[in-house]
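To start, the structure under review is shown below, and the notes come after it.
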Amino acid sequence: MKIILLGSPGAGKGTVAKQLKEHDGAVHISTGDILRGEVKAGSDLGKEAKGHMDSGGLVPDSLIMSMMEKRLLEPDCQKGFIFDGFPRTIPQAEELDKMLAKNDIKLDLVANIDVSKEIVLDRLTTRRTCSNSDCQAIYNVKSMPSKVEGVCDKCGSPTVQRADETVEAISARLEAYNELTAPLAEYYTKSGLLKNVQSTESKEVIAQILAAL
Ligand code: AMP
């Protein structure tokens, strides 16, 4: 499958992508995960991205596009990909369209996971993420805690609250989403690729996506 997952921060894109990739070996590409890896590694890209990320703003389109152009051409993407958190602006979507056309790649679907603001806020403030950048498993202190508090079930690394999960940063992220990312739903409706999915259950979201493919 070659799909894009749209949806606000906390809509469940990461959880859905991690489960969905088991279906046909498509790679899960999360620009947020790649950027957090770059920040941790202290690369030039990481240094430029960190301030934007910590404050809840978006990293400039030019940095994202050069990062994604390289990623899309890596051999593992040939099996298929699930984009999570990309594209996030209309200019990114337009550039992606050009990149895909140039490489003769066709998208199968853009799934827009639509979850209420109340649920999103609750999820983001109670989310914990594995601090190991190769793992990044997601937990929730209320609905999906790790077996041992503060320790990842999968790799044993500490689980942490992300720097961009403070109330201020969450508000900025939701604002950036409403202003810059939400218009993508209309963009992909026009190209006939959009499927709206309204559910808070990842199993149900996955079932609807697989049925639409
Ligand atoms: P996420 O894990 O998808 O919520 O992304 C975390 C942060 O990384 C976002 O708040 C942005 O600062 C940055 N980011 C991730 N993906 C993008 C993107 N496609 N364009 C711009 N910034 C991004």
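Read the numbers this way: they start at 1 and go in the same order the structure lists the ligands and their atoms.
At distances below 3.5 Å, not a single donor-acceptor pair connects side-chain atoms of S143 with backbone N or O atoms of N140. A distance-only check finds a donor-acceptor pair linking the side chain of R123 to the backbone of A11 [under 3.5 Å]. Between the N103 side chain and the M99 main chain, a donor and an acceptor come within less than 3.5 Å of each other. Between the side chain of T159 and the backbone N or O of C152 there is no donor-acceptor pair closer than 3.5 Å.
Under a 4.0 Å criterion applied to the non-hydrogen atoms of R162, ligand 1 contributes the atoms 1 (P), 2 (O), 4 (O), 6 (C). Less than 4.0 angstrom separates some heavy atom of Q92 from each of these atoms of ligand 1: 18 (C), 19 (N), 20 (N), 21 (C). Shown in contact with T31 at under 4.0 Å from a heavy atom are these atoms of ligand 1, numbered in order with element: 15 (C), 16 (N), 17 (C), 19 (N). The atoms of ligand 1 that sit less than 4.0 Å from any heavy atom of D164 are 6 (C).
Atom 13 (C) of ligand 1 has L35 CD1, 3.6 Å as its closest protein atom, hydrogens excluded (heavy atom only). Annotation: atom 8 (O) of ligand 1 to nearest protein heavy atom, M53 CE, 3.6 Å. Scanning the protein heavy atoms around atom 22 (N) of ligand 1, the nearest turns out to be V59 N, 3.0 Å. The nearest protein atom to atom 11 (C) of ligand 1, hydrogens excluded, is given as G57 O, 3.4 Å; this is a heavy-atom distance. Closest to atom 1 (P) of ligand 1, if we only count protein heavy atoms, is R88 NH2, 3.6 Å. When only non-hydrogen protein atoms are considered, atom 6 (C) of ligand 1 lies nearest to R36 NH1, 3.5 Å.
Relative orientation of the F83 and F81 rings is parallel, given thresholds of 30° and 60° on the angle between their planes.
In terms of polar-atom proximity, G85 is counted as a contact of ligand 1, with an N or O under 3.5 Å from an N or O of the ligand. The distance criterion of under 3.5 Å between nitrogen or oxygen atoms is not met by D33 with respect to ligand 1.
When only modelled atom types and interatomic distance are considered, D114 and N196 share no side-chain donor-acceptor pair under 3.5 Å. Side-chain atoms of Q136 and T129 include no donor-acceptor pair closer than 3.5 Å.
Heavy-atom minimum distance, R36 versus D33: NH2-OD1, 2.8 Å.
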